[in-house]
Structure formats: structure tokens, C-alpha cells
Amino acid sequence: MKSYDPGKIDNKWQKEWKKKRIHEALDSATTLKKTKPNFYMLVEFPYPSGDLHVGHWYAFAVPDIFVRMKRMQGYNLLFPIGFDSFGLPAENAAIQNKVDPSKWTWKNIERMRKQLCSMGATFDWSREVVTCDPEYYRWTQWLFLEFYKRGLAYRGNALVNWDPIDKTVLANEQVLPDGTAERSGARVEKKELEQWFVKITDYADRLSFDLESLDWPHSIKEAQKNWIGKSDGAEISFQVSSVSLQKEIKSKNLKLKAESRQLTSVKVFTTRPDTIFGATYLVISPEHKLLENNELGITNYEEVKGYIQKAKLKTEIERTSEGKEKTGVFLKGVSATNPATGNKIPVWVADYVLPLYGTGAIMAVPADDKRDEEFAKKYKLPVIKNYKSAGFTDFGKKTTTYKLRDWLISRQRYWGVPIPIVYDPDGKPHPIPPKHLPWILPTDVDFNPTGVAPLAKSKELLKRTEKIFGKGWKPEIDTMDTFVDSSWYFLRYLDSKNKKEFSSIKKQKLWMPVDRYSGGSEHTNMHLLYSRFFYKALYDLGLVTEKEPYRVRLNRGIILAEDGRKMSKRWKNVVNPDEQVKKVGTDAVRTYLAFIGPYNEVGSYPWSTNGLIGVRRFLERVWKLQEKISENANETKKEIEYLIHKTTKKVTDDVESMKFNTAVSALMILTNELTKEVSVSKENYEILLKLLTPFAPHISEEIWHTLGNKNFITMEKWPEYDKEKTKSENTTFVVQINGKTRATFAAQTSIEEKVALELAKELEEIKKWLAGKKVKKTIFVSGRLINIISD
RNA sequence: GGGACAGUGGCGGAACUGGUAUACGCGCACGACUUAAAAUCGUGUCUCGAAAGAGAUGAGGGUUCGAUUCCCUCUUGUCCCACCA
């Protein structure tokens with residue numbers, strides 16, 4: 001027998017599989033006379049950073065185990081791959097090394113394609129999607145224009161997050177809680193700019209509500225719900241006026257109504273309108289319209305203006321992370337009327353009230369709200385402890401607010417999809433007609449960030465614009481957030497070559513929704529939310545067929561370095577998968593990653609070289625089992641038959657639920673047991689090989705062919721099990737006395753309570769324990785245990 | 001401050017619907033083979049105890065014949081959100 005040499009067999013089988021194109025999904029649902037059910041397995045496509053790391057293996061090679069089993073089970077399986085190839089790293093490389101971002105990116109893609117193939121993963125390369133390819137981004141632009149037509153994409157002035165290092169604006173999701181940019185680490189500033197937005201807030205309610213129907217892990221749903229932040233409450237108007245005016249009205253004995261135009265009102269949002277009788281003051285945010293000029297007659301307006309200035313200088317982060325200490329200024333000469341009590345209450349301005357949430361103003365109920373209590377204590381404001389409870393809508397209109405804000409998609413950067421908009425000589429935006437798509441990204445630019453988008457310097461782009469639209473017209477110079485590109489890529493996989501449509505309904509009907517989607521937990525409130533929104537918007541436009549894009553979502557964990565820390569070049573603890581493959585082979589690396597921990601949970605698992613070697617040893621044992629094949633081993637032992645069926649069930653169930661670690665464990669147990677036997681039947685050995693194939697396809701394929709088989713084991717039918725035979729005929733019963741295990745005995749699994757009790761009583765240990773005692777009652781669990789209760 | 005998830009050997013982790021806690025792998029110890037080492041194979045490996053036995057799944061309580069599993073209180077950790085009215 002040859003020895004196991006993965007260096008020789010891995011490459012050989014990868015080539016064979018590729019030659020026969022076994023990984024390509026068929027769009028016709030019927031194949032081989034029989035109807036094969038379609039199954040769409042999606043993994044988040046990679047950014048082409050240049051080198052494959054262990055994280056990539058974990059993200060792609062492990063789901064391939066699931067894919068391979070499904071395919072063997074007879075599914076027409078779609079497992080596509082592509083590259084999320086726009087984005088900052090390419091541009092930064094361009095600045096640093098003076099290389100063209102396009103060349104840099106395509107070179108990396110070329111390299112990563114090869115590396116991805118080395119995993120033995122069965123991607124359908126025929127549908128590859130590359131987001132920086134004009135044939136892809138023409139549709140990103142087309143979809144943007146569809147959104148624009150329906151008012152879902154709009155230009156607006158906004159106080160935005162500005163990254164001073166990358167010199168670009170960022171979405172809220174890309175700013176970390178400490179106020180630094182997720183990517184560059186820069187301290188984010190606030191800037192008022194005109195930007196392109198997408199109206200995700202229109203879908204806040206549906207994005208939140210529809211989560212209920214999804215078969216997703218609870219934690220992901222909760223995280224999204226939290227981020228969307230729906231709260232039901234009421235809007236209540238408080239009349240506000242200057243104290244002197246009120247006095248005047250009183251002295252002249254005028255009716256309030258007559259002077260109402262001189263009164264103004266402030267709307268507050270509250271989730272507890274029932275507490276209005278306890279509202280003792282009003283607080284408005286420094287950005288509130290009421291403070292823009294002094295029509296009200298605030299007597300300390302200068303002081304208030306000073307406070308507003310100070311608040312504006314702070315970034316949002318500073319404002320909200322300054323600890324617990326709240327600050328505010330009393331608006332002198334002004335008061336509001338509590339509509340419930342009719343009492344005059346003071347009005348304050350304080351920056352703990354946020355301008356963009358609710359109405360930017362609150363009624364304070366210090367007896368009931370911690371923040372209000374704190375503020376009232378500091379500034380000695382009145383507190384009403386025992387107040388009357390009001391009906392929910394007695395004084396206000398029912399409303400719902402959300403924390404979610406519209407998605408800012410403009411980026412003042414080069415390497416992204418050009419926004420397909422041009423401006424007329426008056427500066428008014430116009431969509432670029434679809435016949436001019438793809439609206440190509442120009443190349444005559446300066447990549448160095450200057451604060452103005454690089455496209456501003458392109459003469460070609462300006463010339464192109466003027467040629468098509470006329471003199472004085474100007475192109476949009478911002479590009480789109482790359483999350484726009486990735487919001488619909490899973491639809492392009494279905495129809496990647498279509499020149500007329502972004503994705504035909506006919507193809508979508510074959511595959512959507514995605515049956516299973518595996519990715520990183522960091523995307524919970526970014527990509528996963530964006531793409532759900534995109535899909536819902538497309539649904540309303542009649543461009544897709546379902547309400548939700550992903551039926552099942554799973555977030556995977558991460559692989560840490562051997563020292564338990566994150567892998568980093570700085571720590572010099574990075575595990576290079578190519579080196580590992582050289583050492584132990586593709587199959588051992590794949591199987592080890594499957595074995596490292598449960599894949600369906602977000603854990604962090606440290607790499608262990610010894611663990612990897614242990615898995616290689618396991619594969620060696622499988623290999624050596626060839627020696628034990630014997631024609632005479634046909635008289636299969638009952639225990640072995642039982643173990644085969646039990647293992648088949650275990651592996652099938654565990655791979656289905658992506659608990660690959662316990663599936664590998666079951667395969668190890670089976671292998672260990674077979675190794676103990678004098679001889680092994682070819683039939684049983686082949687079942688083991690088939691079960692092993694998804695994990696370790698190369699070694700399985702090699703042995704399979706050595707055994708004389710001509711077809712690919714990869715395309716063989718997945719072993720089936722007989723449910724009856726997964727239960728052993730004999731079982732070890734546990735005998736407990738008063739709930740404590742005292743002995744065990746072996747008997748037929750099917751025995752009844754009476755028999756079990758008799759057998760238990762015969763045992764020496766039990767006799768000892770029961771000597772001189774009365775049996776009060778027994779509890780019997782069929783096929784498991786008998787518990788004897790005595791005094 | 002809010003939310004979600006989790007806490008099991010020296011380590012990664014198992015445990016069906018409440019039914020022998022620690023499967024499988026690593027590590028470690030001893031043994032076989034070897035001049036020797038590596039590799040391989042075998043045996044052992046939660047703690048205390050000579051044994052009988054007792055005690056252990058973050059801590060404490062509860063329900064139950066029986067709890068890693070269900071309930072309550074506390075505690076620690078990870079992740080997400082965070083002055084969201």
C-alpha cells in the first residue's frame with residue numbers, strides 16, 4: 001500500500017473535478033430525468049486583499065462541507081463566488097505604491113482565485129461576480145437610478161461623519177463607539193455637507209417587523225431590532241410663550257386664543273404620555289428651530305447662544321460620552337404650559353436631548369425618568385412625586401419613531417461606483433439615462449486625498465459629460481459606498497451574464513430566497529441590514545419575487561492565533577494556510593477547521609498546531625484501514641452495523657445544522673472502532689469514505705478510486721440510514737437508588753419495567769444497598785434507566 | 001445604563017425531549033517496538049480517599065425520583081447598542 005501523500009493527490013483531484021465541471025449549478029431544475037430540488041448556499045464574498053488567510057478558509061472551506069453533503073444528497077446546488085472589489089485598500093495601495101487601483105485589484109483577484117481553488121471548495125466559478133467590473137456596476141448604477149426615480153435616493157444636507165485621514169464621509173455604522181473611524185482609526189469630525197442618501201428609514205417598520213418571520217438566530221434578530229430602534233409613543237404639543245406677553249395678555253384681560261399667533265408650540269416625543277401630569281419642565285436640543293432667532297423674547301439669549309455654540313463644537317461622540325454629568329441653560333423670560341395641568345413650566349436647552357431623535361424636544365418627568373431626575377436635581381427643578389396617570393392619547397397623537405437614520409452613500413473617494421448623476425448649469429441634479437450606462441470610472445485622476453473627490457480632477461469625465469449633456473454640465477464626483485455594491489450581488493449570481501436585466505425574474509424564481517447565508521457577525525447591522533432594505537425596495541419596484549432575501553442566516557466565529565490573541569502581523573502570530581497545507585494537506589486543514597468548534601455559533605477558537613496534527617493522524621488511520629478490507633468480512637457484526645447507521649445519522653444531522661465538530665467526532669469514533677476489527681467489509685469502508693468526503697474530499701476520492709471505482713465519490717449518493725438500526729439492540733441500563741447511580745447492567749433495549757427491576761435486584765451492589773429496606777416505588781425510563789426509591 | 005449570548009478537566013470542546021457529566025481531539029504519564037530518537041500502537045488521565053465511598057458543570061437557593069439542561073437571586077466574561085426620551 002502506498003503511503004498517504006496529500007501533496008500528490010490534492011492537486012490531482014482538484015484538476016479532475018474542474019475538468020468535469022461538477023460544481024456548476026444547473027438553471028434547469030430538472031436533470032438526469034429526475035427533478036432535483038434547488039438549493040442556494042451563499043457565503044459573503046471576499047474583498048480581494050491579496051493573500052488568503054485562515055479566516056478565509058474558515059469562511060469558505062467549512063461551508064463547502066455542507067455544500068458537498070447537500071450535493072451528494074441530490075440537490076441542484078448553487079454555491080457561487082465573487083469579489084467585493086471596490087473599496088479603500090486598493091486606493092491606499094495606489095497612493096502608497098503608485099499603482100493603478102484597477103491593476104492592483106485585478107492582480108489580487110487573479111491570485112485569490114487560485115488560492116480559493118486550493119481549498120478544494122466546490123464554487124461555481126461560471127457565475128463569478130466582480131463588483132468593480134463595469135458589467136457589474138452598470139447594474140449598481142441602474143438600480144440607483146430606479147431608486148432615484150421613486151424618490152428612494154435623494155440629495156440632502158446633512159451633518160455628517162467626516163474622516164480626516166481617509167478624507168471622506170462615513171455612514172453611522174462605520175463609526176465606532178469611541179468616535180473613531182472603523183477603517184482608518186481617525187477621530188471622526190462633524191461636517192455639514194450635501195450628500196446622497198438612500199431612504200432606508202421608509203422601510204424601518206418593515207425591516208423590524210419582518211424579522212419575526214425569519215429563521216435566524218435570536219441574537220442577530222435582536223441586534224437588528226435594537227439598531228432599528230422602534231419605539232411607540234406620542235407627540236404632545238406644549239404652548240410656549242414669553243412671560244411678559246402672558247402678563248400683558250392677563251393685564252389686558254385678553255383671551256389667549258386671540259393672541260395665539262404670538263404663541264408658539266413645541267412638540268415633544270414621549271413613550272410615556274401617561275406620565276404627563278408629572279411633567280414639570282421642558283427640554284429642547286441646542287439645534288432646535290425655536291432657538292434659531294429670538295422671536296420668543298428669551299431674555300438671556302446671549303447666554304443661550306453661547307451654550308449652543310459650545311454644543312456645536314463638540315462631536316456627537318463627545319456630547320454623548322461625557323459621562324453622566326448633564327449640562328443645560330434655562331431659557332429666561334419664557335415658559336410653557338403643561339396641557340394636562342395647565343401649569344406654567346420652565347423651558348431649558350440641554351445637549352443631552354438629541355436633535356435627530358423624536359422631535360428634538362422632551363417633556364421631563366423627573367419622578368419617573370432617571371435622566372430627568374438627575375437634571376432636575378442638579379438645577380433644582382420641581383418634582384411632582386404622586387401624579388395622576390393620563391390615558392395614552394389624552395393629550396397627544398400616537399406616533400412611532402426609530403433610531404435608524406437614512407443611509408448616507410456618498411464617498412469622496414475614487415475606487416467605487418460613480419454615482420450616475422449630472423448637474424445642469426444651474427446645479428440641479430439629473431439622472432444619467434440608462435443608455436449611457438455603465439457610466440465608466442475615469443482613469444485620469446490624482447489619488448491623493450485632498451478633501452475634494454478625485455473624480456473632480458478628471459478631464460475625461462468632464463468632457464464626456466459636456467459632450468452628452470451640453471456645455472456647462474458637470475458630473476457628480478462622489479462614488480458610492482461599497483455596501484451598495486454588496487447589497488444585491490446575490491441576485492447577480494443567478495444571472496451573471498445577462499446583458500438586458502440586472503437579474504431576471506425567471507432565474508430568481510429558481511433560486512430565491514437564499515436558503516442559507518453564512519457570514520461574519522460584524523455585518524449584522526451593516527451589510528445584512530442594507531441588503532434586506534435593498535431587497536424590500538426592489539420588491540416594491542416589482543424587480544424581485546420575495547419579501548426577504550435570506551431564509552436562514554448563520555454568523556460564524558473567528559479563528560484566533562495559537563496564543564489566544566487575534567492574528568496580527570504585529571504579534572507575529574499569523575497562521576499561513578498555504579504553509580499548513582504543505583505540511584499536512586488540504587483535507588487535514590479543512591477537517592481541522594470543522595473540528596475546532598461549533599460552526600453555528602459565534603465563538604472564537606484558538607488555532608492549535610497539535611490539534612491539526614491530530615486530525616492528520618485521523619486521516620492516516622482512515623487511509624490505513626484499506627489494509628483491513630476483506631471479502632470475508634461480509635458477516636457483518638451487529639455492533640458494527642449499528643455503529644454504521646448511527647454514525648450516518650449523526651453526520652447527516654450535524655452537517656445539516658452545521659455542527660461540523662461533532663460530525664468529525666462521530667467519524668473518528670467509527671474509524672477507531674473499525675480499526676479495532678480484524679477485517680472490514682468494503683461496503684462499510686465505502687460508507688465511511690462517503691461520510692468523510694465533504695470534509696476530506698481528496699483523500700476520499702483517492703481511496704475510492706484505488707478501490708476500483710470509476711465515478712467521483714464526490715458525486716456519489718449520500719449514504720442513507722435505517723432509523724431502526726440506529727438504535728442498538730442491547731443497552732447498558734443504569735440502576736439508581738434514590739436518584740443516585742449505584743450500578744449498571746446490560747440487557748435488551750426493549751425490556752419492560754418489571755424485567756428491569758428483576759435484573760436490577762439480582763445485582764450484588766443493589767442487593768447490598770437494598771438490604772433491609774422497602775422499595776417504595778420505581779421510575780423506569782425505557783431503554784435507559786431504572787430508579788428505585790426506598791426509605 | 002440597555003440588550004443578546006455564554007460560564008463544564010491543564011486546553012478546544014461533548015451531553016438526545018430533564019436520565020451514567022467530561023464523548024472526540026490535544027496535552028500529560030506509563031508501557032510496547034527501537035542501540036536510541038521520531039513515528040506508530042497500547043493503557044491511564046475531574047478532585048479527595050488505601051478502599052468503601054463522597055464531592056464536582058461560576059456562586060447560592062428552588063422545582064423534581066433525578067438538573068450542565070427548567071425557575072429565581074447574585075457573579076464573571078464576550079459581543080452589540082448606548083443620554084434613543
Side-chain angles (χ1 to χ4, degrees), chain A residues 177 217-227 229-231 233 268-273 275 283 285 317 319-326 350-354 356-365 368-372 374-375 401-404 521-522 524-525 555 557 560 564 591-592 595-598 601-615 617-618 620-621 624 650 653 659 661-672 675 732-744 765 768 776-790:
Chain A
H218 180 72
S219 58
I220 306 180
K221 289 196 203 178
E222 281 303 311
Q224 278 206 1
K225 229 186 267 176
N226 230 311
W227 182 264
K230 179 180 178 174
S231 17
V268 304
F269 174 76
T270 175
T271 52
R272 296 289 308 278
T275 64
V283 190
S285 70
I317 311 304
R319 224 168 112 168
T320 55
S321 64
E322 228 175 78
K324 297 266 145 45
E325 186 73 7
K326 292 177 177 53
D351 64 7
Y352 81 89
V353 174
L354 304 172
L356 294 172
Y357 183 76
T359 58
I362 61 158
M363 64 176 203
V365 186
D368 223 53
D369 184 286
K370 269 193 181 168
R371 289 155 305 178
D372 296 344
E374 197 189 315
F375 195 75
T401 59
Y402 301 89
K403 290 186 209 172
L404 188 71
S521 56
E522 68 275 19
T524 300
N525 290 332
N555 284 355
L560 301 175
T591 309
Y592 171 63
F595 190 53
I596 202 166
E601 286 173 29
V602 187
S604 47
Y605 310 109
W607 180 268
S608 156
T609 302
N610 281 326
L612 174 67
I613 290 166
V615 170
R617 275 204 279 264
F618 156 63
E620 282 306 335
R621 282 203 297 277
K624 276 198 191 132
K650 178 84 180 148
D653 292 350
K659 290 185 219 158
N661 54 333
T662 45
V664 174
S665 157
L667 289 169
M668 285 172 168
I669 292 168
L670 177 60
T671 304
N672 292 347
T675 302
T732 305
F733 278 82
V734 172
V735 186
Q736 293 184 337
I737 291 175
N738 293 330
K740 292 226 169 201
T741 302
R742 295 300 177 192
T744 60
E765 302 99 307
K768 198 176 75 191
K776 276 188 187 163
K777 68 168 181 177
T778 56
I779 288 148
F780 180 68
V781 182
S782 178
R784 278 193 191 278
L785 68 75
I786 181 154
N787 187 4
I788 302 167
I789 313 300
S790 73

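So you know, we letter chains A, B, ... as the sequences are listed, proteins then strands, and number each from 1. On a predicted model such as this, the values are computed, not experimentally measured, just so you know.
- Taking atom P in both B:A29 and B:U47, one finds a spacing of 15 Å when rounded to whole Å.
- B:C5 atom P lies 12 Å from atom CD1 of A:Ile220, rounded to whole Å.
- RNA chain B is contacted by both A:Ile596 and A:Ala361; A:Ile596 maps to the nucleotide lying nearer its 5′ end (nearest heavy atom per residue).
- Checking the phosphate oxygens (OP1, OP2) of B:A85, a side-chain nitrogen or oxygen of A:Tyr357 falls inside 4.0 Å.
- When each of B:A23, B:G3, B:U20 is scored by its nearest atom to the side-chain atoms of A:Glu222, the top-ranked nucleotide is B:G3.
- Distance from the side chain of A:Asp369 is smallest to B:A85 among B:C26, B:C24, B:A85.
- Considering only side-chain atoms of A:Ser219, the nucleotide from B:A21, B:A4, B:A85 that sits closest is B:A4.
- Once rounded to the nearest 0.5 Å, the distance linking CG of A:Leu560 with CD1 of A:Ile596 reads 8.5 Å.
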* A:Ser790 and A:Ile737: side chain to side chain contact (heavy atoms under 4.5 Å, CB included), yes or no, with the steps? -> CA-CA 7 Å; A:Ser790 73; A:Ile737 291 175; 4.2 Å; yes
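- Between the CG atom of A:Leu356 and the P atom of B:A82 there is a distance of 13 Å, given to the nearest Å.
- When rounded to the nearest whole Å, the span between CG of A:Asn610 and P of B:G12 equals 14 Å.
- Rounded to the nearest Å, the gap between the C1' atom of B:G27 and that of B:G12 is 11 Å.
- Distance check on atom C1': B:G66 versus B:U17 gives 15 Å, rounded to whole Å.
- Of the charged side-chain nitrogens involved, none lies within less than 4.0 Å of a carboxylate oxygen, so that A:Lys768 and A:Glu765 do not count as a salt-bridged pair.
- Taking atom CG of residue A:Leu667 and atom P of nucleotide B:G25, one finds them 12 Å apart after rounding to whole Å.
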* Asked: Going through the distances and angles, do A:Gln736 and A:Ile786 end up as a side chain to side chain contact (heavy atoms under 4.5 Å, CB included)?
  -> CA-CA 6 Å; A:Gln736 293 184 337; A:Ile786 181 154; over 6 Å; no
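- With P as the reference atom, B:A32 and B:G25 are 24 Å apart, rounded to whole Å.
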Close N or O pairs between protein and nucleotides 8-11 of chain B (under 3.5 Å):
none

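- Each of B:A4, B:C83, B:G12 was ranked by its minimum atom distance to the side chain of A:His218; first place goes to B:A4.
- Separating the C1' atom of B:U57 from that of B:G44 is a span of 23 Å, rounded to the nearest Å.
- The side-chain hydrogen bond (donor to acceptor under 3.5 Å, both in side chains) check on A:Asn738 picks up nothing, with sequence neighbours excluded.
- In this structure, B:G9 is classed as syn because its glycosidic torsion stays within 90° of zero.
- Considering all non-hydrogen atoms of both residues, A:Ala666 and A:Lys650 come closest at CB-CG, 3.6 Å.
- Across the protein-nucleic acid pair, A:Lys659 atom NZ and B:G25 atom P stand 20 Å apart, rounded to whole Å.
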* To do: Applying side chain to side chain contact (heavy atoms under 4.5 Å, CB included), run through A:Trp607 and A:Leu612 and close with a yes or a no.
  => CA-CA 8 Å; A:Trp607 180 268; A:Leu612 174 67; 3.8 Å; yes
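- Side-chain proximity of A:Ser231 to the nucleotides B:A14, B:A85, B:A21 is greatest for B:A85.
- What you find for A:Asn787 and A:Gly739 is that their closest heavy atoms are OD1-N, 3.0 Å.
- Between A:Leu560 atom CG and B:U78 atom C1' the separation is 12 Å, expressed in whole Å.
- Taking atom P in both B:A82 and B:G19, the straight-line distance is 41 Å, to the nearest Å.
- Checking B:C5, B:G19, B:C24 against every side-chain atom of A:Val781, the shortest atom distance belongs to B:G19.
- Side-chain atoms of A:Tyr352 and A:Asp372 form a donor-acceptor pair, as typed in the model, at a separation below 3.5 Å.
- Among B:G19, B:A82, B:U20, the nucleotide with an atom closest to any side-chain atom of A:Leu785 is B:G19.
- When the C1' atom is used for both B:U75 and B:G58, the distance is 7 Å, rounded to whole Å.
- Of the listed nucleotides (B:A85, B:C24, B:A15), B:A15 has the atom at the smallest distance from the side chain of A:Thr662.
- The NZ-P distance, from A:Lys403 to B:G2, rounds to 13 Å in whole Å.
- Under the ring pair (Phe, Tyr, Trp, His ring centres under 6.0 Å) criterion, A:Phe733 pairs with A:Phe745, sequence neighbours left out.
- Side-chain atoms of A:Arg272 and A:Val365, non-hydrogen and from C-beta on, never get closer than 4.5 Å to each other.
- Where pairing requires Watson-Crick or G-U contacts shorter than 3.5 Å, the helical stems of RNA chain B with at least three consecutive pairs are B:1-7 with B:75-81, B:10-12 with B:24-26, B:27-32 with B:40-45, B:46-48 with B:53-55, B:58-62 with B:70-74.
- Side-chain N/O atoms of A:Asn672 include none lying less than 4.0 angstrom from OP1 or OP2 on B:C24.
- Sequence order on RNA chain B of the closest nucleotides to A:Met668 and A:Thr744 puts A:Thr744 first from the 5' end.
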Within the sub-3.5 Å range, which N or O atoms of nucleotides 64-68 of chain B have a protein N or O partner, and how far apart are they?
residue: B:C65; atom: O2; partner: A:Asn787; partner atom: ND2; Å: 2.3

* At under 4.0 Å between heavy atoms, which parts of nucleotides 39-53 of chain B does protein reach? Answer with one letter per nucleotide, 5' to 3': B base, S sugar-phosphate only, - none. => -SS----------SS
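- Nucleic acid contact class of A:Gly614 (heavy atoms, under 4.0 Å, all strands): sugar-phosphate only.
- A cation-pi arrangement is absent between A:Lys230 and A:Tyr402 under the rule of less than 6.0 angstrom and at most 45 degrees off the ring axis.
- Scanning both residues, A:Val283 and A:Ala350, for their nearest heavy atoms gives CG1-CB, 3.6 Å.
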* To do: Could you give me the CA-CA distance, side-chain angles and deciding distance for A:Asn226 and A:Lys403, then say whether side chain to side chain contact (heavy atoms under 4.5 Å, CB included) is met?
  => CA-CA 9 Å; A:Asn226 230 311; A:Lys403 290 186 209 172; 4.1 Å; yes
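- A:Asn555 and A:Ser521 make their closest contact through ND2-CA, 3.3 Å (heavy atoms, listed as atom of the first residue, atom of the second, distance).
- For A:Asn226, the side-chain atoms get nearest to B:G2 when compared with the rest of B:C24, B:G2, B:U20.
- Between B:A51 and B:C74, the distance separating the two P atoms is 43 Å to the nearest Å.
- Put simply, OH on A:Tyr592 is 9 Å from C1' on B:G25, counting in whole angstrom units.
- In plain terms, the two heavy atoms of A:Gly564 and A:Pro606 that are nearest each other are CA-CB, 4.4 Å.
- Nucleic acid contact for A:Pro598: sugar-phosphate only, since backbone atoms but no base atoms lie under 4.0 Å from a heavy atom of the residue.
- Side chain of A:Trp227, nearest nucleotide from B:A23, B:U20, B:C81: B:C81.
- In summary, the side chains of A:Tyr592 and A:Thr609 do not present any donor paired with an acceptor at a separation below 3.5 Å, with no hydrogens or angles considered.
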